[in-house]
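Residue numbering restarts at 1 for every chain, and letters A, B, ... go by the order of the sequence lines.
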Number of protein chains: 2
Amino acid sequence: MKLIDGKKISSDKRAEIKEKVAKIKQQTGKIPGLATILVGGDPASRVYIQSKIKACEHAGIKSFHHDLDENSSQEAIIALIKKLSENSEIDGILLQLPLPQNKDAQECLNAISPLKDVDGLHPFNVGLLNLLKSWNEIIEKNILVSCTPLGIVHILCKSGITIDGKTAVVIGRSNLVGKPLSMLLLANNATVIMAHSRTKNLKEICKSADIVVTAVGKSRFVNKDFIKTGAAVIDVGINRTPEGLCGDVDFDAVKDMDIEITPVPGGVGPVTITMLLENTLKAFSNRRKIVA
Amino acid sequence: MKLIDGKKISSDKRAEIKEKVAKIKQQTGKIPGLATILVGGDPASRVYIQSKIKACEHAGIKSFHHDLDENSSQEAIIALIKKLSENSEIDGILLQLPLPQNKDAQECLNAISPLKDVDGLHPFNVGLLNLLKSWNEIIEKNILVSCTPLGIVHILCKSGITIDGKTAVVIGRSNLVGKPLSMLLLANNATVIMAHSRTKNLKEICKSADIVVTAVGKSRFVNKDFIKTGAAVIDVGINRTPEGLCGDVDFDAVKDMDIEITPVPGGVGPVTITMLLENTLKAFSNRRKIVA
């Protein structure tokens, strides 16, 4: 087993981003800004949002955090988002998900200006991702794509794992990971299998794949029977167990296999936050092209 | 082999639509309207557009056709689209593709009001399709989805072919067919394999599937080796050969197999045009909900 070092891939990229931010400041006198919104006090969400704010500050990106009360109305959330969409100091807006119950998250996301949609969840940006025909086009047009899928493609590239012509299985069909990742892998010329809870023969299907991405949220869900020799395994799961954080893969069970794999923690997680910084820079540059 | 009768499925649905249009006229005094645009004189495109206009007229939908010269500038196409987007008599706008060379079709499609985008190719509608989590949501929210994929799901349903839990391969990843169809099948709980020209082991992959959809554009591309016993085969190809129109499937080669299959012509084609009428009614109703 070869471990893919997400921390190293992330810190290399963050160093690049920090340099870019410094250059932007020097050349334009402007500082890219990211607004974050946390509704309610879920402890896990607070930890995530704090690491995002810290990463911004470390990279020189200005962060604007907004705490909203658990009982805030959907209208209040949308009103704040609209205000931030109009604030010219702010390039990106991140609404931390999940929202407390009885709120329609997509309705709130739809209120984010597509130009500031650093999580790539506005229908317009989702549509652009789906309509583009190649990875190059995605890069050239600076499309805002959901951070976790973007991070996964970055990990595969930096690890020298070819996507073109490979078979990739994505387990889980969420709007945040499974679906946009499928589109990114397709744009990179993989044959993509979208698998989920209704999939039959999941083991066999995964066993046929060169790349297995699991975003299920069940610890020890993926074991030896799912993975073929030589495969690359990307573990997006973050599961809290009595033994600590772990991914969807039964790590001990696969540790003697000839595979490459991202650990949890230290795999996809840090790279995801890095992509949020990258998207904030993209948004900064897209807005300047269009607005200024 | 059991033939799936696309003509019958289509004419049943068109009769329903005709009734709905009559009821709309009676209740509101309004007539749903579809604008069609043909740029240049490509004979095949002209045949398609004429069948669309004829289908509209037969269903009682008012059609507004616009012929543009082969050499019309992209700006002229967009200007016409914007004018039609503002015309309250028009519920749907269809830009016949492909456009003559040197035009950016997507730029033109982006100018269509998302509310009138009966081909489901505006990024906003593509995004809505991708973000929705189930077929029911697609129906309830009256999302405008590309006509061919919509027709294929209609054909499967009317033929009593279960999608839920099945493995479906879609060969071809176009924006008009392959990608939106993959999303529709996923929303119907299929395990979806997106295959294309860079796919290795295509035969084996197809042979594992319960549903095979081919949208490749090569006559006799899919033969016996691609199809397992009991599979449903949907042939989207329309290829002109010296022997006449044919699909992607080598029909003679599979005719003794125990499969269900759509013929070409008389399979997907007529149902696609029917879905254009259906989308025009959806657009009529969506616009009234929002505008009036």
Looking at B:Ala195, B:Ser197, B:Ala190, which makes the most heavy-atom pairs under 4.5 Å with chain A?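 Among B:Ala195, B:Ser197, B:Ala190, the one with the most close pairs to chain A is B:Ala190.
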
Under 4.5 Å heavy-atom distance to chain A, tell me which part of [X] shows up: side chain, backbone, both or neither.
X: B:Ile205; value: side chain
X: B:Glu204; value: neither
X: B:Ser182; value: both

With sequence neighbours excluded, what pairs up with A:Phe124 under the ring pair (Phe, Tyr, Trp, His ring centres under 6.0 Å) test?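 With sequence neighbours excluded, A:Phe124 shows a ring pair (Phe, Tyr, Trp, His ring centres under 6.0 Å) to no residue whatsoever.
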
Pairwise distance OG1(B:Thr191) to CD1(A:Ile171) - rounded to 0.5 angstrom: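 Going from OG1 on B:Thr191 over to CD1 on A:Ile171, the span is 11.0 Å.
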
Are more than 12 heavy atoms from other residues, nucleotides or ligands located less than 6.0 Å from atom NZ of A:Lys158?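 Not buried by this count: 12 neighbours or fewer within 6.0 Å.
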
Do you know which of [options] has the most heavy-atom pairs under 4.5 Å to chain B?
options: A:Leu128, A:Asn189, A:Leu185; answer: A:Asn189
options: A:Leu131, A:Thr199, A:Ile193; answer: A:Leu131
options: A:Ser208, A:Gly127, A:Pro114; answer: A:Gly127
options: A:Asp164, A:Asn201, A:Leu202; answer: A:Asp164

Starting from the C-alpha separation in whole Å, work towards a yes-or-no answer on side-chain hydrogen bond (donor to acceptor under 3.5 Å, both in side chains) for B:Asn188 and A:Arg198. CA-CA 10 Å; B:Asn188 278 287; A:Arg198 306 294 266 269; over 6 Å; no

Side chains of B:Met183 and A:Met194 in contact at under 4.5 Å (non-hydrogen atoms):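 They are in contact (side-chain heavy atoms under 4.5 Å apart), so the answer is yes.
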
Specify the closest pair of heavy atoms between A:Leu132 and B:Lys179, including all atoms of both residues, with the distance to one decimal.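 The pair with the smallest heavy-atom distance is O-NZ, 3.0 Å.
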
CA sep, side-chain torsions, deciding dist, call: A:Lys133, B:Asn175, side chain to side chain contact (heavy atoms under 4.5 Å, CB included): CA-CA 9 Å; A:Lys133 286 173 182 164; B:Asn175 287 334; 3.7 Å; yes

